[in-house]
Amino acid sequence: MNGNGLAGTTLRINLATGEIKRQRTDVEFMRQWFGGRGAIAKIIYDEVPRDADPLGPENVFIMSAGVMSGCFIPAGSKVSFGSVSPLSNGHGDSNMGGHLGPTLKFAGYDIVIFKGISPKPVYLYIDDDIVELRDASKYWGIGSLECEKMLKHDLGEDFEIATIGPAGENLIRFSCITHDFGRQAGRCGQGAVMGSKKLKAIAVRGTGSIKVHDLKKLTEQVSAIIQRTKVHPNMAPWQKYGTAFFIDWSNENGVFPTRNFQTTYFENTSGINGDKLVEKCLITHKACFGCWMNCGKYTKAILPGKQPVYLEGPEYETGALCGSNLGMTDINQVAYMNWLLDNQGMDTMSGGGVIAFGMECFQRGLITKDQLEGHTLNWGSVEDAEHFVDMMVHRRGIGAWFAEGTKRAAEKIGQGSEKFAMQVKGQEMS
Ligand code: SF4
C-alpha cells in the first residue's frame with residue numbers, strides 16, 4: 001500500500017487563545033466518514049453542545065477536504081465548510097470547487113477545526129509547515145473579491161484564498177465564503193460563522209503531493225470516467241453554458257422560481273438564459289482543479305451608469321434566485337446582482353430569496369418607502385435591490401430584520417407575511 005489519499009494531518013485552532021495543534025488524521029475515522037461533509041457532520045455531532053449559539057464561541061467552524069480532493073478526479077476536488085448553521089440552528093455545511101481543497105492537502109492537511117472567537121480580526125496563513133494566525137485588520141471591511149485580490153498581492157499568486165465579505169463580518173445569517181474570484185460555499189450561513197469568529201480569510205500554499213493506494217488503477221478509472229462523460233449528449237451544453245444550461249429546461253417544466261415563487265414560469269427567460277450569458281457576458285471558460293469539464297464561466301456585467309464588473313457566473317441557481325425571482329429580464333442585471341452579492345459576501349440563493357421576499361412585502365404594502373429610506377423595492381430594479389442589500393449588510397433600519405433571513409424577518413413584519421416567506425427550517429429555498 002503506497003498511500004490512502006489523505007494528507008495526514010488535522011489542525012485544531014483555538015481562535016480565543018491562538019493555540020494551533022497538529023494531530024494525525026485518524027484513518028479509520030476518514031474511512032467511516034469520507035472527509036468533507038461526512039467528517040464535518042460527525043465532528044459537529046461530537047463536539048458542539050446541543051444548545052450552542054451558532055454565532056457564539058461554542059460552535060465549531062470546520063474546513064475539510066474530501067478524500068478524492070487533489071487526486072485529479074473530475075469534479076472530485078471540493079472542499080467543505082461546516083458548523084451549526086445560524087439559519088437553521090441545525091447541522092449546516094456547504095462546499096466549493098476551485099483549488100483550495102487540493103492545495104490544503106498539498107500543504108499536508110485534511111481537516112482544519114476552529115473553535116472560540118478571536119479577540120481581533122485574523123486570517124489563517126498556511127504555507128506548507130508554517131501555520132499562523134495573522135492580523136487581518138487591514139482586510140476587515142473589504143469586499144470578498146477585493147480582499148482575495150489584496151491577499152494574493154500581499155502573499156503571492158500561488159496562495160489559494162477563501163474569504164468573507166462585509167456581510168459575514170456583520171453576521172448576516174446567509175453570508176457565504178468566496179474563493180477563486182467566484183467559487184462560493186454559499187449555503188447555511190458559513191460566512192456568518194467565520195465572521196462571528198473574527199476569521200476574515202484562509203490563505204494556503206501547498207507544494208507537497210498526495211499518495212494514493214494504486215496510482216495505475218486510479219489513472220485507468222479516471223480515464224474511463226473521462227471517456228464515458230465526453231460522449232454524453234449533455235456534455236457539450238454543460239461546457240458551453242455551465243449550469244445556466246438548465247434555465248430553459250426548468251422554465252419549460254414549470255419549476256422556475258419567479259417573483260418570490262408567486263409563479264414557476266418566467267415570461268422572459270430568453271433574456272437571462274444560457275444563450276444570453278454566452279452572447280452578452282462570457283469572457284472565458286474556467287475549471288476547478290483537475291476537472292476537464294470547465295463548466296465555470298468568467299464573465300463581465302455592463303449596466304448603464306455603472307462601472308463594468310467581473311465575476312464568475314451566473315450559474316443556474318443565481319440565474320433563478322437573482323433573475324426571474326427578482327423579475328430581472330436582462331442577463332447583465334442578473335450578472336451584476338451576482339457580483340454585488342459575491343463581493344458583499346452574501347449567498348446568491350438566500351440573498352436572492354430574501355430580496356424577493358422584500359419585494360413581495362413592498363408589492364403588498366407591508367413595508368413602505370419610508371422604511372426603505374425613501375427608496376422603492378420594485379421587481380426588476382437593480383437600483384432598488386442594491387440599496388436594499390446595502391441596508392441589510394449594514395443592518396440599517398428594517399435592513400436588520402432582513403439580514404436575519406426570511407423566516408426571522410417575517411416574524412418581525414407579521415401581517416401574514418410568513419405565508420410567502422419561502423424558506424425551509426430558516427434557510428431560503430433554492
Ligand atoms: S469545473 Fe464544473 S464540473 Fe468541474 S469540478 Fe468545477 S464545478 Fe464541477
Side-chain angles (χ1 to χ4, degrees), residues 5 34-38 63-81 93-106 144-145 148 160-162 176-188 190 204 206 210 212 218-219 221-247 249-250 273-274 277-278 281-299 310-322 334-335 338-339 341-342 347-349 430:
F34 306 119
R37 63 173 26 153
M63 171 168 67
S64 177
V67 173
M68 292 192 288
S69 206
C71 296
F72 286 94
I73 297 168
S77 283
K78 307 287 180 183
V79 62
S80 292
F81 298 86
D93 70 52
S94 193
N95 69 65
M96 60 167 65
H99 302 261
L100 185 63
T103 305
L104 181 70
K105 287 178 73 176
F106 297 154
S144 299
L145 304 174
E148 183 168 358
E160 297 298 339
I161 314 286
C176 67
I177 304 167
T178 287
H179 158 60
D180 201 24
F181 300 104
R183 291 275 157 188
Q184 273 81 27
R187 307 254 67 197
C188 300
Q190 298 307 305
V204 187
I210 301 163
V212 297
L218 177 67
T219 308
Q221 292 289 327
V222 168
S223 301
I225 291 169
I226 292 173
Q227 293 314 319
R228 242 189 358 256
T229 46
K230 251 184 179 168
V231 295
H232 193 282
N234 284 345
M235 190 47 65
W238 176 260
Q239 289 184 305
K240 183 174 179 185
Y241 303 116
T243 53
F245 165 43
F246 299 121
I247 286 180
W249 176 90
S250 176
N273 63 9
L277 176 69
V278 170
C281 300
L282 181 68
I283 297 172
T284 190
H285 304 278
K286 225 180 128 182
C288 302
F289 177 91
C291 183
W292 68 280
M293 292 183 273
N294 60 311
C295 75
K297 304 294 159 239
Y298 184 61
T299 55
Y310 297 86
L311 65 146
E312 185 172 339
E315 299 234 15
Y316 166 77
E317 299 284 3
T318 310
L321 275 307
C322 290
V334 186
N338 191 158
W339 169 84
L341 297 192
D342 283 359
D347 172 27
T348 55
M349 291 175 247
S430 64

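This chain uses plain numbering: 1 for the first residue, then up along the sequence. Order of appearance sets the numbers: ligands from 1, and atoms from 1 within every ligand.
Within the structure, salt bridge (Lys or Arg N to Asp or Glu O under 4.0 Å) pairs that include any residue of residues 93-103 comprise Arg37-Asp93 (at least two apart or interchain).
Scanning all protein heavy atoms for the shortest distance to atom 8 (Fe) of ligand 1 gives Lys78 NZ, 3.6 Å.
Applying the side chain to side chain contact (heavy atoms under 4.5 Å, CB included) rule to Gln190 yields the partners Phe61, Phe81, Ser83, Ser94, Ile177, Cys188; only residues at least two apart in sequence or on another chain are considered. Taking Lys286 as the reference, Asp180, Glu312 meet the salt bridge (Lys or Arg N to Asp or Glu O under 4.0 Å) condition, with sequence neighbours excluded.
More than 12 heavy atoms of other residues, nucleotides or ligands sit less than 6.0 Å from atom CH2 of Trp292.
Not one N or O on the side chain of Lys78 forms a donor-acceptor pair closer than 3.5 Å with the backbone of Met68.
Neighbouring protein atoms of atom 6 (Fe) of ligand 1 (N, O or S, distance under 2.8 Å, waters ignored): Cys288 SG.
Ring planes of His99 and His179: perpendicular class, angle over 60° (limits at 30 and 60°).
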